[in-house]
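For reference, the structure discussed in these notes is given below.
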Amino acid sequence: MKEEAKLTVGGKTYKLPVITGSEGERAIDISKLRKETGLVTLDPGFVNTANCRSNITFVDGEKGILRYRGIPVEQLAEHSSFVETAYLLINGKLPTQKQLNRFSILLNDNSLVHEDMRAFFQNFPRAAHPMGILSSMVNALRAFYPEIPERSDEEEVDITMTRLLSKVRTMAAMSYKIFKGHSLVYPRADFSYPANFLNMMFDSPVKPYTIDEDLVKALNVFWILHADHEQNCSTASVRLVGSARVNLYAAISAGICALWGPLHGGANQAVVQMLNDIHEGGGKLTPFIARAKDKNDPFRLMGFGHRVYKTFDPRGLVMKKICDRVLKKLALEDPLLDIAQRLEEVAIKDEYFVDHDLYPNIDFYSGILLRAMGIPVPMFTVMFAIGRLPGWISQWKESMDNPKWKLERPRQIYIGEKKKDYVPIAER
Ligand code: ACO
């Protein structure tokens, strides 16, 4: 028998269907509520609102579980590559060797950026943030390349998606080179996706870059861990903007803007800045912990807390291990890593953090890893954006392919003034 919830309002009782997801998550379907009762629901921040049914990513925030298409992220981090994981997210299943080869060839064939786009880059002010540049450039891609036609065949869809995956990586490296005032390094057919990125970032005519397979592995893991996270702020933005049937590039550009915020993807940059402030203040943790707990101080411990995870972020646990491995391999001693470890130890035992279910999230250690790899701080959130692309693309595709697709348009509860008459300016 189908489960139902009952809602009694104004003496009348309404039945609402209860739906269950494949991992046992239950939800009350209120899609007909307004039609039947005249009422809407109010849920600021969408804390209790599921926006869609999705078969891409499963998160259990209480148990610290994250799976892409059913596969635990820890297994993907151990055995997969970012390109294979991107294929999995976008196409719904792991590729055969032949499918993976074809996907890699498409990524390669589409890796160059139209030379005219260089002019865009060169005209941005030097101080422009790379996330602002990236979102503008992705939006501009629509002017250079066609969007996916309404009734497109699979081949066209694949080309558009791989074009985006490949070009965003090239543009990210390009923006760094232009920022430095150095000559551009083009992608190479003989390098893997992450190796190509590192080469485009760091190769120079005066100092040729040698690919280090351990760093390539670390970057693969970094991007796999960021590849999707169901309906987070940026993904929800991609779906919402995409629901107006705008082109893929514009929808992704909106996602990049959302990710830029320090409460979301921008936290990786904010964490390193915070750790640096602690370091410069002599390494004392107490004042920072005290500020984070002070209700009258807007300061938050960056890299702590998550809307969904009420325990350790499983991505953070993998990230910490990779971080340790890379620092050891490069024989680097980063004082910020030491501060991060001490901060984690103190915070997870502190009553305030325990009571508020605040644990380190993925961004707590990712900045330290990126620093060790030589990625400049303003590029941190761009690194996250490259990783999140397969997720955004697959979520956009899922919503576009949904025959029950709807324009996303929330309601509100108006609390402004009641009707009043216009007063001519001379009488005000
Ligand atoms: N430091 C101190 N207190 C915190 C923190 C923090 N990092 N995070 C939440 N809190 C407290 C709030 O002050 C609030 O306390 P109160 O109930 O006593 O008023 C309570 O915990 C709940 O906070 P909300 O902001 O309502 O929780 P929400 O789920 O909306 O926030 C968020 C989640 C935005 C991630 C928050 O924890 C935060 O700001 N963290 C720091 C930024 C960060 O690391 N962001 C990265 C998230 S991961 C990602 O996007 C990839």
Side-chain angles (χ1 to χ4, degrees), residues 43-49 57 59 61-62 64 66 68 73 131 221-238 255-278 285-320 323 336 339-340 343-344 346-370 377 380-392 395:
D43 183 19
F46 306 127
V47 179
N48 291 296
T49 299
T57 291
V59 178
E62 267 70 39
L66 170 61
Y68 303 154
V73 76
M131 284 298 274
V221 174
F222 175 89
W223 278 334
I224 288 170
L225 296 176
H226 286 89
D228 195 40
H229 211 241
E230 49 117 304
Q231 307 313 313
N232 55 85
C233 178
S234 55
T235 306
S237 308
V238 170
I256 295 171
C257 288
L259 190 74
W260 190 358
L263 295 191
H264 190 14
N268 58 11
Q269 182 175 337
V271 169
V272 167
Q273 274 153 2
M274 177 189 75
L275 295 174
N276 216 27
D277 289 346
I278 298 177
L285 304 179
T286 328
F288 288 85
I289 302 255
R291 282 191 65 196
K293 288 157 54 167
D294 183 353
K295 280 253 165 281
N296 301 316
D297 190 330
F299 175 80
R300 287 185 165 193
L301 218 50
M302 299 314 284
F304 269 78
H306 197 275
R307 172 61 63 80
V308 181
Y309 293 120
K310 299 303 164 204
T311 179
F312 276 91
D313 180 340
R315 305 167 299 175
L317 297 173
V318 180
M319 190 69 79
K320 187 179 176 185
C323 196
L336 300 198
I339 292 172
L343 190 57
E344 178 187 326
V346 174
I348 60 171
K349 283 189 209 128
D350 187 286
E351 208 179 282
Y352 173 90
F353 289 86
V354 174
D355 286 352
H356 286 76
D357 293 324
L358 297 170
Y359 292 86
N361 58 48
I362 187 168
D363 291 319
F364 193 61
Y365 284 103
S366 66
I368 296 172
L369 173 69
L370 294 175
V377 175
F380 282 10
T381 317
V382 169
M383 300 299 289
F384 188 156
I386 301 172
R388 185 51 56 87
L389 256 185
W392 289 333
Q395 301 267 354

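For clarity, every value in this text was computed on a predicted model and none was experimentally measured. Just follow the structure's listing: the first ligand is 1, and inside any ligand the first atom is 1.
A side chain to side chain contact (heavy atoms under 4.5 Å, CB included) with Val272 holds for exactly one of Asp277, Leu370, Val377; it is Val377. Val73 pairs with exactly one of Thr57, Val59, Leu225 by the side chain to side chain contact (heavy atoms under 4.5 Å, CB included) rule, that one being Leu225.
For ligand 1, the protein residues placed under 4.0 Å by at least one non-hydrogen atom are Leu263, His264, Ala267, Ala292, Lys295, Arg300, Leu301, Met302, Gly303, Phe304, Gly305, His306, Arg307, Tyr352, His356, Leu358, Asn361, Ile362, Asp363, Phe384.
Using a 4.5 Å heavy-atom cutoff, the side chains of Leu343 and Phe364 are in contact.
Applying the side chain to side chain donor-acceptor pair (under 3.5 Å) definition to pairs two or more places apart or across chains, those involving residues 349-361 are Lys293-Asp350.
With sequence neighbours left out, the side-chain hydrogen bond (donor to acceptor under 3.5 Å, both in side chains) criterion links Asp297 to Arg291.
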Only distances under 3.5 Å count here; give the side-chain donor-acceptor pairs of residues 380-391 to other protein atoms, sequence neighbours excluded, each with its distance to 0.1 Å.
from: Thr381; atom 1: OG1; to: Asn268; atom 2: OD1; distance (Å): 3.3
from: Arg388; atom 1: NE; to: His226; atom 2: O; distance (Å): 2.6
from: Arg388; atom 1: NH1; to: Asn232; atom 2: OD1; distance (Å): 3.3
from: Arg388; atom 1: NH2; to: His226; atom 2: O; distance (Å): 3.4

